[in-house]
Engineer: 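The structure is given below, and queries will be raised subsequently.
Every chain is numbered from 1 and lettered A, B, ... according to where its sequence line falls, protein lines coming before strand lines.
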Protein chains: 2
Amino acid sequence: MAGSTRDRLIDAAARTLAEHGMAATSARAIGSRAGVNPALIYYHFDSLVGLLVETSRHLTQQRALTYQQRLAPVRSLSELAAVARGLHQEEHASGNLSVLAQLLAGSRTHPELATALNDNFDLLANEVASTLERLLTDSALAGLLDTDQVARAVSAGFIGIELLDTISAGDDAALFDTLDTITALVDAVLDAGTIPTALIRRRIRTGGPTSPQVGLG
Amino acid sequence: MAGSTRDRLIDAAARTLAEHGMAATSARAIGSRAGVNPALIYYHFDSLVGLLVETSRHLTQQRALTYQQRLAPVRSLSELAAVARGLHQEEHASGNLSVLAQLLAGSRTHPELATALNDNFDLLANEVASTLERLLTDSALAGLLDTDQVARAVSAGFIGIELLDTISAGDDAALFDTLDTITALVDAVLDAGTIPTALIRRRIRTGGPTSPQVGLG
DNA sequence: GTCTATAACTCGATAGAC
DNA sequence: GTCTATCGAGTTATAGAC
């Protein structure tokens with residue numbers, strides 16, 4: 001509750017976005033939740049969208065350091081999956097992930113949000129990408145995977161999961177259990193050193209789906 | 001342009017959602033785009049949200065058959081990835097994916113949207129899940145992966161990618177190339193029959209990240 | 001089924017007092 | 001830096017003519 005009016009407005013904006021969504025995040029709703037006159041939004045941030053941009057920036061910078069510290073000690077994909085699961089849980093519980101999802105959706109209506117979100121998102125995704133790059137160096141997968149894109153795909157997954165959680169709440173545990181299984185599998189295969197990388201590279205070069213092949217049976 | 005007024009409204013709602021987002025999808029905007037009086041929304045659908053619910057239902061049922069037909073001949077994970085990539089491309093280009101993302105975001109503000117979206121989403125996700133189930137039967141991964149959750153994760157990824165595309169448009173090709181690499185890798189490993197499933201099952205039982213182990217180097 | 005007109009309300013944003 | 005008061009435009013939704 002404490003803090004400057006400016007901080008209270010940012011906090012109220014985030015809470016309103018997370019709980020009631022973009023459409024319900026009006027100047028009046030934010031001011032009411034902050035216990036502050038809505039007109040102060042325009043004094044401190046020029047516009048309502050300006051407040052939302054600052055909200056995104058504030059949350060991102062607040063989290064970037066946490067990401068760095070958590071990812072630094074990671075030494076395997078399984079560990080990375082465990083850390084990612086923990087981070088997701090925090091971002092979900094705190095509402096940060098919902099805020100991001102709502103702002104992303106709103107950026108289609110308010111294009112000035114898009115550029116700000118893009119910078120902020122990269123800040124966090126790059127932490128994941130560099131961690132992946134470090135883990136895969138000297139492994140059989142080195143150079144085979146575009147770590148930036150993997151990080152992007154994982155981040156996209158988190159955002160999508162958050163939105164799906166809106167309509168069918170709760171069973172994210174089963175989903176993350178499955179993701180843990182997958183990463184444990186990849187780890188095990190990497191440890192065993194049995195990846196036929198030459199075969200994979202050949203398939204990738206040919207582009208299309210697998211050549212004449214009998215399937216998985 | 002043709003079709004009944006009802007159909008024109010549904011089409012106009014979808015287009016407006018995809019291009020301008022939830023916040024800009026007002027009765028006036030939809031009516032204007034449909035070339036129809038906005039009051040007709042309330043005659044045909046009772047409310048604006050009612051129109052959005054019908055829009056979701058219409059798009060989903062229209063696509064369910066396509067999914068079934070495309071997924072039926074799939075015989076490997078690589079093929080599945082290729083089909084998924086094609087379906088994603090269609091849903092993105094047609095705007096269906098953007099519509100889904102916007103409705104999901106809007107369902108936080110309009111809870112009555114959530115239940116409708118939940119049913120519709122399951123319809124498509126179940127197609128993917130049953131395909132996965134079929135592919136993995138008799139493979140080394142049978143029973144190890146929760147195919148419902150994998151389908152859910154992949155669907156979530158698509159939705160997230162769509163939202164990220166709003167703020168940094170365009171480079172989805174690199175992302176899907178990376179996903180193709182991953183599936184090719186999994187296929188190759190499955191074909192080689194070198195998955196140490198016993199090891200994986202043991203790790204999963206213990207729960208935590210990998211036991212004493214030197215990492216990937 | 002489709003239209004006009006409008007009620008009742010909320011929106012973002014500003015002017016100006018303090 | 002914070003407030004009140006308000007403008008002008010937009011919103012959903014309805015009543016009633018045709």
Engineer: Mind calculating the distance between CD1 (B/Ile41) and C1' (D/dT12) to the nearest angstrom?
Structural biologist: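 Atom-to-atom, B/Ile41 to D/dT12, this comes out as 10 Å.
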Engineer: Using the C1' atoms of five pairs at each end, what's the angle between the two axes of the helix from C/dG1-D/dC18 to C/dC18-D/dG1, to 10 degrees?
Structural biologist: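 If I round to tens, the end axes sit 0° apart.
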Engineer: Can you identify which nucleotide, out of C/dG1, C/dC3, C/dG12, has its nearest atom closest to the B/Val36 side chain?
Structural biologist: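 Side chain of B/Val36 sits closest to C/dC3.
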Engineer: From CG of B/Asn37 over to C1' of C/dT2, roughly how many Å is that when rounded to an integer?
Structural biologist: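 That distance rounds to 7 Å.
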Engineer: Could you check which residues of residues 99-114 of chain A get a heavy atom under 4.0 Å from DNA chain C? Sort them by number, please.
Structural biologist: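 Those residues whose heavy atoms fall under 4.0 Å from DNA chain C, taken from residues 99-114 of chain A, amount to none.
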Engineer: Can you name the residues that form a ring pair (Phe, Tyr, Trp, His ring centres under 6.0 Å) with B/His88, not counting sequence neighbours?
Structural biologist: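 For B/His88 the ring pair (Phe, Tyr, Trp, His ring centres under 6.0 Å) partners, ignoring immediate neighbours, are B/Phe158, B/Phe176.
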Engineer: So, B/Arg152 and B/Asp148, do they make that salt bridge, N to O below 4.0 Å?
Structural biologist: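 Here B/Arg152 does not pair with B/Asp148 in a salt bridge, since their nearest N and O are not under 4.0 Å apart.
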Engineer: Side-chain contact test, heavy atoms from C-beta onward, threshold under 4.5 Å: evaluate it for A/Tyr67 versus A/Thr131 and give yes or no.
Structural biologist: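 No. Closest side-chain heavy atoms not under 4.5 Å.
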Engineer: Could you check whether atom CZ of A/Arg15 has more than 12 heavy atoms from other residues, nucleotides or ligands sitting under 6.0 Å from it?
Structural biologist: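 No, not enclosed.
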Engineer: D/dG1 C1' sits how many Å from A/Arg6 CZ, rounded?
Structural biologist: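 Going from CZ in A/Arg6 over to C1' in D/dG1 covers 14 Å.
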Engineer: Can you list the steps and then say if B/Leu104 with B/Leu100 is a side-chain contact (heavy atoms from CB on, under 4.5 Å)?
Structural biologist: CA-CA 6 Å; B/Leu104 282 171; B/Leu100 176 58; 4.0 Å; yes
Engineer: With the sugar-phosphate defined as primed atoms, P, OP1 and OP2, and the base as all remaining atoms, what B/S/- string results for nucleotides 13-18 of chain D, 5' to 3', for protein heavy atoms under 4.0 Å?
Structural biologist: BB----
Engineer: Using whole Å, report how far CE of B/Met22 lies from P of D/dT12.
Structural biologist: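 One finds 10 Å between P of D/dT12 and CE of B/Met22, rounded.
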Engineer: B/Arg8 has an atom CZ; how far is it from atom C1' of C/dT2, in whole Å?
Structural biologist: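 Checked: the CZ to C1' distance equals 13 Å.
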Engineer: Anything under 3.5 Å between a donor and an acceptor, one on a side chain of residues 48-62 of chain A, the other on a protein residue two or more places apart or in another chain? List them.
Structural biologist:
residue: A/Glu54; atom: OE1; partner: A/Arg6; partner atom: NH2; Å: 3.2
residue: A/Glu54; atom: OE1; partner: A/Arg57; partner atom: NH2; Å: 3.2
residue: A/Glu54; atom: OE2; partner: A/Arg57; partner atom: NE; Å: 3.2
residue: A/Thr55; atom: OG1; partner: A/Leu51; partner atom: O; Å: 2.7
residue: A/Ser56; atom: OG; partner: A/Asn120; partner atom: ND2; Å: 2.6
residue: A/Thr60; atom: OG1; partner: A/Ser56; partner atom: O; Å: 2.7

Engineer: Does the distance from a Lys or Arg side-chain N to an Asp or Glu carboxylate O, for A/Arg108 and B/Asp165, drop under 4.0 Å?
Structural biologist: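 Result for this pair is no, no salt bridge flagged.
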Engineer: Compare the minimum distances between each of C/dT4, C/dT2, D/dC3 and the side chain of B/Leu40, then state the nucleotide with the smallest one.
Structural biologist: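 Output: C/dT2.
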Engineer: Are B/Leu77 and B/Leu132 packed together at the side-chain level, in the sense that at least one heavy-atom pair is separated by less than 4.5 angstrom?
Structural biologist: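 When only atoms from C-beta onward are counted, B/Leu132 and B/Leu77 do touch, with a gap below 4.5 Å.
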Engineer: If I take atom CG in residue B/Leu9 and atom P in nucleotide D/dT12, what distance separates them, rounded to the nearest angstrom?
Structural biologist: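 Rounding to the nearest Å, CG of B/Leu9 and P of D/dT12 are 13 Å apart.
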Engineer: Nearest whole angstrom, please: distance from the C1' of C/dG1 to the CZ of B/Phe45.
Structural biologist: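 Going from B/Phe45 (CZ) to C/dG1 (C1'), I get 13 Å.
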Engineer: When you compare the side chain of A/Glu90 with that of A/Arg63, does any pair of heavy atoms fall below 4.5 Å?
Structural biologist: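 Touching, per the 4.5 Å side-chain cut-off.
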Engineer: For the side chain of A/Ser26, counting heavy atoms from C-beta on, which of C/dT4, D/dT2, C/dG12 is nearest?
Structural biologist: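 Out of C/dT4, D/dT2, C/dG12, the nucleotide with an atom closest to A/Ser26's side chain is C/dG12.
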Engineer: Show your reasoning for whether side-chain contact (heavy atoms from CB on, under 4.5 Å) applies to B/Thr147 and B/Val128.
Structural biologist: CA-CA 9 Å; B/Thr147 52; B/Val128 180; over 6 Å; no
Engineer: For residues 18-26 of chain B, which side-chain N or O atoms pair as donor and acceptor with protein atoms under 3.5 Å away, sequence neighbours left out?
Structural biologist:
residue: B/Glu19; atom: OE1; partner: B/Arg33; partner atom: NH1; Å: 3.4
residue: B/Glu19; atom: OE1; partner: B/Arg33; partner atom: NH2; Å: 3.1
residue: B/Thr25; atom: OG1; partner: B/Gly21; partner atom: O; Å: 2.8
residue: B/Ser26; atom: OG; partner: B/Ala29; partner atom: N; Å: 3.2

